[in-house]
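The block underneath contains the structure these notes are about, expressed in structure tokens.
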Number of protein chains: 2
Amino acid sequence: MTEPMIEPANNKKKAKAKVVKRAAGNAEQTKKNILSAAMHEFAEYGDSGARIDRIAARANANKSLIFRYFSNKEALYASALKEAYRQIRMGEEELELEQLEPYEAIRKLMRFTMEHYLKSPWFLRLLATENLRRGQTIENMEGIAGLQSPLITQLTKVLKRGEEMGLFRENVNPSNLYIIIASLFYFPISNVYTLPVVFGVDVGSSEWLEQHLRSSERMILAHLKK
Amino acid sequence: MTEPMIEPANNKKKAKAKVVKRAAGNAEQTKKNILSAAMHEFAEYGDSGARIDRIAARANANKSLIFRYFSNKEALYASALKEAYRQIRMGEEELELEQLEPYEAIRKLMRFTMEHYLKSPWFLRLLATENLRRGQTIENMEGIAGLQSPLITQLTKVLKRGEEMGLFRENVNPSNLYIIIASLFYFPISNVYTLPVVFGVDVGSSEWLEQHLRSSERMILAHLKK
DNA sequence: TTAAGATGTAACTAAGTAGTTAGTTGCAAA
DNA sequence: TTTGCAACTAACTACTTAGTTACATCTTAA
């Protein structure tokens, strides 16, 4: 039992029209609270460092509810990881590259990527944790297909249009391009605590980040140019 | 009985001139074994997941020796992190960019960086762990000055020479350039378990990596060009 | 009102886990 | 042989933690 247990409560929808309200509180809301608390906890402390008691406290729920709804710590972690991806992908869908002029679209994608990472440090932390686990969980996760980034679809169209307009060179692989763009922001943002010590550069400051964005834009656009 | 019991039998070696051997083993060697085992353990399981008992077992040492030599788990982690940086920096010093022609030097630096990450995954894992800890340990570490990457010194000279030769544009910041180069390899290598799921790209294969290196070289060199 | 199931809680347990302690062993100098 | 000491060890302690259980309370339907 990895996840679901959808609507365990309202089993009697039998007769009438009645807004079915669950007995003694609201199970769905409790589950959401637990999931949200779990995301925070696993992002903050990693898989081994996360504590069920803290999750319960943060969710205003009792520990045994966690086990009732999510079976065990591992399954809760899996649910939290999946929910994290779901939320991130939802954010990505808001981006509308397709109407923009190709150069502008790439610039917007880059700024969006940077700001996305800055706004969701918990997501980067979960990613780091899952890779430290060697992808143990994501590999066996059902419904991973839905995790595919919607950015790639949009980027594919932008590249095609840019190519047709004679702006971009041919055969640019959208996934590889996006990996390069993501790389440029993932590294400084996820290593914000160690890089200043090692390179003496304050990669967390908005000045550095803005300058890095401008520099990266120039580099990527030149790289795409026909 | 955890494991060892080194030489329980030959208790009377009294006789003559003998190479001075310390009582029942060798403290320095034991310390090294513990440190090496700790690096492995913390890289593998993270800070919370690491287990003192496993470190003791791997080092063929008794648990209480760990506390005698390293005080506590946190201090052991700090020692392991510092040793990890020391080893990585030693490897970096072998790189000799200064005699090479500027373009060639940049190419060599890029390949070296990629291969360095591939050869030392435990270092990337320790970095990820330390950033999950928000740099708690590296910030309070004595002797961090010695951690500064020797690559920056070499790169500075390469850039200066390239500029004088009219090959590179002016005022390229060496640290920022190196951060870009490191980014391009850090992201795919440290996310090798999640990226294939999300982008359907096998970023761990040598084919992908070689192609990524070539593509990155072109991009970086164009970006540096006058 | 009551039955029954859904929802919630505190107390408990079994298995770890970091750190300590009291003592043993091996070596070399006196 | 004796003594001093550093290296080493097994067993233990105090505490934490995932997971369980027995029980209480709430909601709805009959």
Side-chain angles (χ1 to χ4, degrees), chain A residues 1 5-34 37-38 41-42 45-57 59-78 80, chain B residues 1-34 37-38 41-42 45-57 59-78:
Chain A
M1 199 215 276
M5 233 188 190
I6 301 156
E7 320 188 359
N10 45 355
N11 52 349
K12 251 119 205 183
K13 215 163 225 167
K14 350 179 67 180
K16 296 288 116 70
K18 202 49 211 220
V19 181
V20 182
K21 209 181 152 195
R22 277 163 249 54
N26 187 333
E28 285 310 311
Q29 189 56 48
T30 302
K31 276 188 214 173
K32 277 181 196 160
N33 291 346
I34 292 172
E41 179 75 10
F42 283 114
Y45 298 100
D47 54 344
S48 306
R51 294 290 170 260
I52 297 283
D53 287 283
R54 272 198 301 251
I55 294 172
N60 281 323
N62 187 277
K63 202 159 68 140
S64 75
L65 288 179
I66 293 178
F67 292 101
R68 182 169 305 168
Y69 295 144
F70 296 95
S71 301
N72 55 47
K73 193 184 179 184
E74 183 119 351
L76 177 59
Y77 169 79
Chain B
M1 196 219 279
T2 345
E3 171 71 15
M5 238 183 189
I6 302 156
E7 321 186 0
N10 47 353
N11 50 350
K12 248 97 202 199
K13 215 161 221 166
K14 13 179 45 189
K16 289 292 122 67
K18 227 6 222 255
V19 182
V20 181
K21 210 181 150 193
R22 276 169 249 53
N26 184 331
E28 283 312 309
Q29 188 56 50
T30 302
K31 275 186 214 174
K32 277 181 195 160
N33 292 346
I34 291 171
E41 179 75 9
F42 283 114
Y45 298 100
D47 54 343
S48 306
R51 294 290 170 259
I52 297 284
D53 288 283
R54 271 198 302 250
I55 294 172
N60 281 322
N62 187 278
K63 195 159 68 143
S64 75
L65 289 178
I66 293 179
F67 292 100
R68 182 178 306 256
Y69 294 143
F70 295 94
S71 302
N72 55 46
K73 192 183 179 185
E74 183 118 349
L76 177 59
Y77 168 78

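In what follows, chains are A, B, ... by sequence order, proteins preceding strands, each numbered from 1. These values consider heavy atoms only, across backbone and side chains, with no hydrogens, waters or symmetry-generated copies.
Between the CG atom of B:N33 and the P atom of D:dA7 there is a distance of 14 Å, rounded to whole Å. If you take CG of A:L65 and P of D:dA24, they are 17 Å apart, rounded to a whole angstrom. For B:K31 and D:dC8, the NZ to P distance is 10 Å, given to the nearest whole Å. If you take CD1 of B:I66 and P of D:dA10, they are 14 Å apart, rounded to a whole angstrom. Distance CG (A:N60) to P (C:dA10): 12 Å, rounded to an integer number of Å. For the pair A:R68 CZ and C:dT9 P, the interatomic distance rounds to 11 Å; values are reported in whole Å.
Distances shorter than 4.0 Å separate some side-chain N or O of B:T30 from OP1 or OP2 on D:dC8. Taking 4.0 angstrom as the limit, A:Y69 places a side-chain polar atom (N or O) nearer than this to OP1 or OP2 of C:dG8.
A pairwise comparison of heavy atoms in A:K73 and A:D47 identifies NZ-O, 3.2 Å as the closest pair.
Residues satisfying the side-chain hydrogen bond (donor to acceptor under 3.5 Å, both in side chains) criterion with B:R68, sequence neighbours excluded, are absent altogether. Listed by chain and number, the residues in a side-chain hydrogen bond (donor to acceptor under 3.5 Å, both in side chains) with A:N62 are A:S64 (sequence neighbours excluded).
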Let's go through B:I55 and B:F42 carefully: what are the C-alpha distance in whole Å and the side-chain angles of both, what is the deciding distance for side chain to side chain contact (heavy atoms under 4.5 Å, CB included) to 0.1 Å, and is it a yes or a no? CA-CA 9 Å; B:I55 294 172; B:F42 283 114; 4.2 Å; yes
Given protein heavy atoms under 4.0 Å, the one-letter contact record of nucleotides 15-20 of chain D, with B base, S sugar-phosphate only and - none, is simply --SBBB
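In this structure a side-chain-to-backbone donor-acceptor pair under 3.5 Å is missing from B:K31 to B:F70. A distance-only check finds a donor-acceptor pair linking the side chain of B:E41 to the backbone of B:R51 [under 3.5 Å].
Counting any heavy atom pair closer than 4.0 Å across all strands shown, B:F70 reaches no nucleic acid atom.
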